Structure formats: C-alpha cells, structure tokens
Amino acid sequence: MNLDTQLRASISTAVATLFNQPVQQLQLQPTNAEFEGSYTLVCFPLTKISKKGPEQTATAIGEYLVANSGIVARFNVVKGFLNLVITDKVWIDVFKSIFVDKNFGLLPSNGKELMVEYSSPNTNKPLHLGHLRNNFLGYAVAEIYKALGYTVHKVQIINDRGIHICKSMAAWKLLGNGETPQSSGMKGDKLVGKYYVEFDKNYKAQIKELIDKGVSETEAEKQAPIMKQAVELLQKWEAKDVDTVLLWKTMNGWVYEGFDATYKRMGVDFEKLYYESDTYLLGKDEVLKGVEKGIFFKKEDGSVWVDLTSDGLDQKVLLRADGTSVYMTQDIGTAILRFKDFPKIEGQVYTVGNEQEYHFKVLFLILKKLGYSWADKCYHLSYGMVDLPTGKMKSREGTVVDADDLMQEMADEAEKQTRELGKIEDLADGQVKELSEMIGLGALKFFLLKVDPKKRMLFDPNESIQLQGHTGPFIQYTHARIRAIVRKAGSMGVKPNENELSQVASLEASEREVIFMINNYINKLNEAARDYSPAVVANFAFDLAKGYNQFYQSIPIFNESDQAKLKFRIAFSEVVADVLKKSMKLLGIEVPEKM
RNA sequence: GGUCUCGUAGCUCAACUGGAUAGAGCAGCUGCCUUCUAAGCAGCAGGUUGCUGGUUCGAGUCCAGCCGGGAUCACCA
C-alpha cells in the first residue's frame, strides 16, 4: 500500500481511538527541512474534537502512532505541528516497491478519454515564440493525462481560410512573379509570411497615397486597391472560384510543408487535424434550433443573439443579419462535431491564449444552454502572453521571435557551450549534433514550461540560453551523470536485486529525502493534471535532480565497502535516472546517456 | 467606464490551495576537482510578499478599499 494512504489511515485510527470522534480532513504535509521528520500533521484543526491544546493533541497522536502504527519511528512536536519520523525500514520497502515496478509512473488505463487542442495557427505566417509556449503546453498536458491512464486525442484547428490568407494571396499574385518554395529555396510558411508582410507594406503605402490625395482615412482603408483585391479573393473563394481555390490550396500546401518541419523539430504531434474551411459553416443549424427552443432570440434585422446578462456577461451575436456565421457559431459547431467524432471523450481542453478568455466563457455557457452536459468538462487552458525584454512581440515592429530561428539558435548555443566545456571528445560528429539538439531544445522547453501557464512570462534570450541552474540541461546533466555510474557498476559486475535491498539497515538523510520525492511522483502528476500545469512536473524534476546531486556530492558511491549498501545505491541511482527521464519525457524533453 | 487578471530578493520564478523563521535559479562574494562527469556541491549576502484595513489559533494565499501593470468588453478571427 502507498505510504501516504497508510499513514493517513493510521492517523485516522489514532484520532478515532484517542478522541472518540471520526476525522474529517487530515492536514498532512512534508516536514520543513529545519525539523526532523518526513511528514507533518497540522494539529490545530483537531483541537476541536480532542478538547485539548495543540501540543497535547499532537503528542497524544504521536505516542499512539509510535506504539501502534509500525511505520513511525519517533516524533517531535513544535507548537501544533506533529513531525513524524518514518522508519528507514519503511522507506527501504517503499523504494523496493518502486524499484521492482517497471511501469512506475505510468498508471494503467482508467477507461477515460480526453481531447486536447493546441497550436491552431493561422496559415498566413510562420510559427513564433507564442506558438512554442502553446505547443509545448498542450503537448505536455496531453502527455501528463496519458501517464495517468487517460486516452488522449491531440487535435488542432487550422485557421486556413479568411481574409488573412487572402492578403498573402493578393500580394503574391501582384508581386510574386510565380515564386515558389522550390524556386526561392525558402521554407513554405516563410514564403507565404513574406507576402503577408508585403501586403501590409503596400497597403500602408496605398493608404498614405490616398490620404495625400484628400481621401479620409476610413475611406482610404477600404479603397486601397490591394485590399480590394484581397476582399475580392475572399468572395471568390466563398463562391468556390476554381482559380482562387487552386491558389489557396497551393499556398496553404506550402505553409503545411513548413509547419510540418517545425512541428517535427518541436517534437509535437496530432492525431487529427480540423480545418476551418471544413467547419466554418457548422453551428448554424444548432443556433437555429436554439432559436426555436427559445434559448436564443432574433432581432428585427434578422440577426440572432444570445442573452448572457443573467450570467453577468453581455449579449452576443451568433448569426449576422444576412444569416452568415460568426466565429462563435463555428466554434459551437466544431465542439459538437468533435464529440461526434470521439463519442467517448469526457471533455475538451482548449489551449488558447488568455486574450480569448471571454470567448470561451461564452462558448461553454452557450453549449450548456443548448443542453450538452459535457460543456462542464470543457476547459480553456488559458496561458499568459510571452513578453520580450523590449516589451510585447509585435509583428508590425518586427520584434516577433521566429520559432525555427529560435530552435536553431538554442541548438547552436548548446553546441558552442558543449565544445567550450570540452565534452565532445569521445563523441562522433553526428552525436554532437544530436546532443546539441537535445540540450538546446531541452533548455527551451524547460524555460517555457517551468512557469505557471496562467501567468504571463518574460522571455529573456540571454537567460533562456543558460544551461546552468534552474534549467532543462541541469536535469539532463544529472541524468547523464547517473547513467555513467550505472554503466560503471555494470562493468564492475555490480547488479542490484530486489532481495538484497532489504539487507540495508539505515539510510542517509539525502537518500530518505530523494525516496520521499520519488514516492510523491504520482501525487505531483495528479496535481499537474488537476491544474493543467506542466510547471508542476518541471519543478518536480528539478527538485529531484537537485536532491540527487546533494546525495551524489556527499557520498562517493564506489568507496562503499558494504556490498548491500553499494548495490542499494546503484539501484537508487537507477531509479532516480528513470524517474527523471519519465518526468522530462512528459514535457517533451529527451535526456542523454552522456553529456 | 464594466468584467477578469497579475503585483513576492537587483532580475526570472516557487511556495503542496489558510500553516512553522516566505524558498530556488541568475547576477555578486567565499570555499570544494589526484577518488563515480565541476553543465555540479557547500556557504555568505539579498524581503515591511504594491499600500491600508478586515476575517482567525494562524494570511503571500480569503474579503473590502485604494495604487500600479495587462487582457477583454466587434454583425473580426
């Protein structure tokens, strides 16, 4: 049985026996480093039923546990805090059960299914730093749920239609001279992005020209020829004009080739792709049904609205006066479609920036009003913006950090630092590249994931490229160093086995602490899943690596003459490496055997 | 203006959801490589948790009011 639950059960029995009262909630927490013990019971809440002071209550429980539980060696009481020392035998048993469990950290299927949407870019420009946070977050959340036994469907909706792509198309037609990724050697998404920028430049120039001629600004924005062409392309596209659709397909195709390369390097994947061009007409029927049922209402001009004022929100349009859909309508339709495609999912997670919080609040309310019970299980994984030291990223000011460029810079920097440290002598060329990629991306992913998703964060390039301290490479390094120990043990013929582990009589403090952390791994995964926060896992991995390094530095493993202890420490090291690897894997970060 | 959100060491972030003397990393200073990888470890220094009240055994955390950032309130997506 799990030590946690065992301890809780013992305490419950103690309280029930001593005070003749059932317990409600036990407040059990890790003991602060300054006191002896591993678990601490907060006794203030128990004084009501014990009818004694906090110290006496704690002492009574402590004495009972030492006498009866079989797992508590001794205790100390500081104010109302009961610090419990668990016997080393119990810790060794805990470790043993983890050591023999080859699937430790991976729960068996719980039969539940979940959908996670992330990425969901527009197809008119390349992916940037903001998308990286989005993708790493969505991917990691999906992986964390998988580890907890869920079947997870990763999806995205690609915004492949609309005025934005028509702008790139208009500029390409006008200025492209038939340029293609092949003819220019440019990555497809970059090429289309280039024409999006071209559009903007020309558009601005044309507006200025018109204003100089005395046209008003709002009028100039409409009259600019290049904008007129973009709008015309959008209309033609909606009318399924053959040439326009062909150009649209071609240019989107370029973008997808580019995206695929970027996703591959990022290490993310998707089970199913939804395209806005397929779904943008969905939802209208649902809205009309809603009107019949009286959930929505129609205004005189024919537009359809939902009234959310009783929920503290506003009125929101769902169909325009001309009967066409808006973004919300489409999202209603897509949500319903997804539950038809995957009937067993119990909910959806939308990984979308926090500027759309209002939108999702409204969406989920509407779905609930329409009678879909799963609306309660839809969650907007709302993450904060990534700021640069210079402020916000702005495409117009050219301060956008490109995803491909950034990944390359990280890998280059990793290689540079690896060379400086003189660590590549025993590696072949190909291995250097592979290692640099692993370290560079590890640094980047960890940097973006270690922060609570909900909070906006600062991306300082100089800091992100750091490979020491609170970083991914620190954890990768710890893993590699442990693997070197395990290899050495193997070559010496030291092979730990289950039975010998019990021959160890006592543990060092650093060993106890690390076992405590490993034993807490599943709790941390649950916490991360509950909060949709990979940062919990990232910080767990960091703490574990740090804890192990303290052990490593204070105890020279191979100096140990006691064979049982030596073998225990090899097994112990192996398990730490394994848990580091597994937890990092959930973040999409690989760990090396050597570095 | 309404709603939401954030404010913690010089900087970047934690704080197990109300618990003990608020912790890490970076930057700064001091030690530790003839023994398993120093991308490491140990230590020093750094704080009125934006401000003022309130709730209680106990508040960075909950409530109210200020101050200061940000987001959002389209027949855009």
Side-chain angles (χ1 to χ4, degrees), chain A residues 27-35 40 42-45 47 53-54 78-81 83 122 159 161-164 276 280 299 301-305 312-314 316-322 324-328 330-331 353-359 361 382 384-385 387 389 392 414 417-418 420-421 423 439 443 447 450-452 454-460 462-464 466-471 473-478 480-489 520 523-524 527 530-531 535-536 539 542-543 545-546 549-559 569-570 573 594-595:
Chain A
Q27 282 191 46
L28 199 59
Q29 60 191 44
T31 304
N32 281 12
E34 58 202 295
F35 304 110
T40 294
V42 184
C43 293
F44 300 101
T47 55
V78 181
K79 294 192 254 180
F81 297 93
N83 301 319
N122 289 349
N159 299 301
R161 54 137 241 133
I163 192 69
H164 55 265
E276 201 190 79
Y280 81 108
K299 284 196 178 170
D301 63 2
S303 58
V304 175
W305 295 72
L313 304 175
D314 296 324
K316 194 89 190 167
V317 71
L318 298 177
L319 289 176
R320 296 188 184 100
D322 63 7
T324 54
S325 297
V326 293
Y327 185 53
M328 185 64 73
Q330 167 193 323
D331 267 10
N354 63 8
E355 69 274 9
Q356 295 201 37
E357 260 166 20
Y358 184 75
H359 173 79
K361 217 179 260 180
S382 163
M385 190 178 302
D387 286 325
K392 267 189 187 178
Q417 294 197 32
T418 304
E420 277 169 8
L421 289 168
K423 299 231 177 197
I439 296 172
F447 190 88
K450 72 177 176 186
V451 181
D452 183 341
K454 290 196 287 279
K455 297 188 178 168
R456 67 185 298 147
M457 68 176 292
L458 183 76
F459 184 85
D460 185 338
N462 297 325
E463 203 176 313
S464 70
Q466 278 270 346
L467 309 182
Q468 292 96 17
H470 193 193
T471 67
F474 168 89
I475 300 164
Q476 291 172 318
Y477 175 74
T478 304
R481 207 159 59 168
I482 296 173
R483 295 304 303 165
I485 289 169
V486 174
R487 280 193 301 273
K488 179 172 176 179
N520 206 25
N523 289 340
K524 286 290 178 184
E527 194 185 322
R530 182 198 62 199
D531 295 344
V536 172
N539 289 319
F542 174 73
D543 290 339
K546 189 135 187 74
N549 283 338
Q550 281 164 12
F551 158 81
Y552 173 93
Q553 217 74 218
S554 60
I555 298 166
I557 296 177
F558 291 104
N559 284 3
R569 285 175 184 158
I570 297 302
S573 299
K594 295 178 186 175
M595 78 181 263

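Not measured: the values here are computed from a predicted model. Numbered from 1 within each chain, the chains take letters A, B, ... in sequence-line order.
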Gap between atoms [atom1] and [atom2], on [X] and [N] respectively (whole Å):
X	N	atom1	atom2	value
A/Lys79	B/A20	NZ	P	9 Å
A/Gln29	B/C16	CD	P	10 Å
A/Met328	B/U72	CE	P	15 Å
A/Asp531	B/C16	CG	C1'	10 Å
A/Leu319	B/A74	CG	P	17 Å
A/Glu420	B/A39	CD	C1'	12 Å

Base, backbone or nothing for each nucleotide of nucleotides 1-13 of chain B, written B, S, -, heavy atoms under 4.0 angstrom, 5' to 3'?
---S--S----SS
So is the aromatic ring of A/Phe35 stacked onto the base of B/A20, judging by whether the centres are under 5.5 Å apart and the planes are under 30° apart?
yes
Ring stacking, A/Phe44 with base of B/G19, under 5.5 Å and under 30°?
yes
Check if the side chain of A/Thr40 and the base of B/A20 share a donor-acceptor pair of N or O atoms closer than 3.5 Å.
yes
Is any side-chain N or O of A/Lys316 closer than 4.0 Å to OP1 or OP2 of B/C73?
no
May I ask you to verify if any side-chain N or O of A/Asn549 is less than 4.0 angstrom from the OP1 or OP2 atom of B/C41?
yes
Heavy atoms under 4.0 Å, any strand shown: does A/Lys524 hit a base, just sugar-phosphate, or nothing?
nothing
Determine whether the aromatic ring centres of A/Tyr280 and A/Tyr327 lie less than 6.0 Å apart.
no
Aromatic ring proximity A/Phe44/A/Phe81, centre distance under 6.0 Å:
yes
State whether A/Trp305 and A/Lys316 meet the cation-pi test: NZ (Lys) or CZ (Arg) under 6.0 Å from the six-membered ring centroid, and within 45° of the perpendicular axis.
no
N/O to N/O distances under 3.5 Å, protein versus nucleotides 33-38 of chain B:
| from | atom 1 | to | atom 2 | distance (Å) |
| --- | --- | --- | --- | --- |
| B/U35 | O2 | A/Asn559 | ND2 | 3.3 |
| B/C36 | N3 | A/Ile557 | N | 3.1 |
| B/C36 | N4 | A/Tyr552 | O | 2.5 |
| B/C36 | N4 | A/Ile555 | O | 3.1 |
| B/U37 | O2' | A/Tyr477 | OH | 2.4 |
| B/U37 | O2 | A/Lys423 | NZ | 2.7 |
| B/U37 | O2 | A/Met595 | O | 3.2 |
| B/U37 | N3 | A/Met595 | O | 2.6 |
| B/U37 | O4 | A/Met595 | N | 3.0 |
| B/A38 | OP2 | A/Arg481 | NH1 | 3.1 |
| B/A38 | OP2 | A/Tyr552 | OH | 3.3 |

With respect to the side chain of A/Arg320, which nucleotide from B/C76, B/A20, B/C41 is positioned closest?
B/C76
Quick one: which of B/A74, B/C16, B/U21 gets closest to the side chain of A/Val317?
B/A74
Name all stems that contain residues of RNA chain B, defined as runs of 3 or more consecutive Watson-Crick or G-U wobble pairs, both distances under 3.5 Å.
B:1-7 with B:67-73, B:10-13 with B:23-26, B:28-32 with B:40-44, B:50-54 with B:62-66
A/Thr478 side chain to A/Phe474 backbone, donor-acceptor under 3.5 Å:
yes
Position toward the 5' end of RNA chain B (nearest nucleotide), A/Asn354 or A/Thr418
A/Thr418
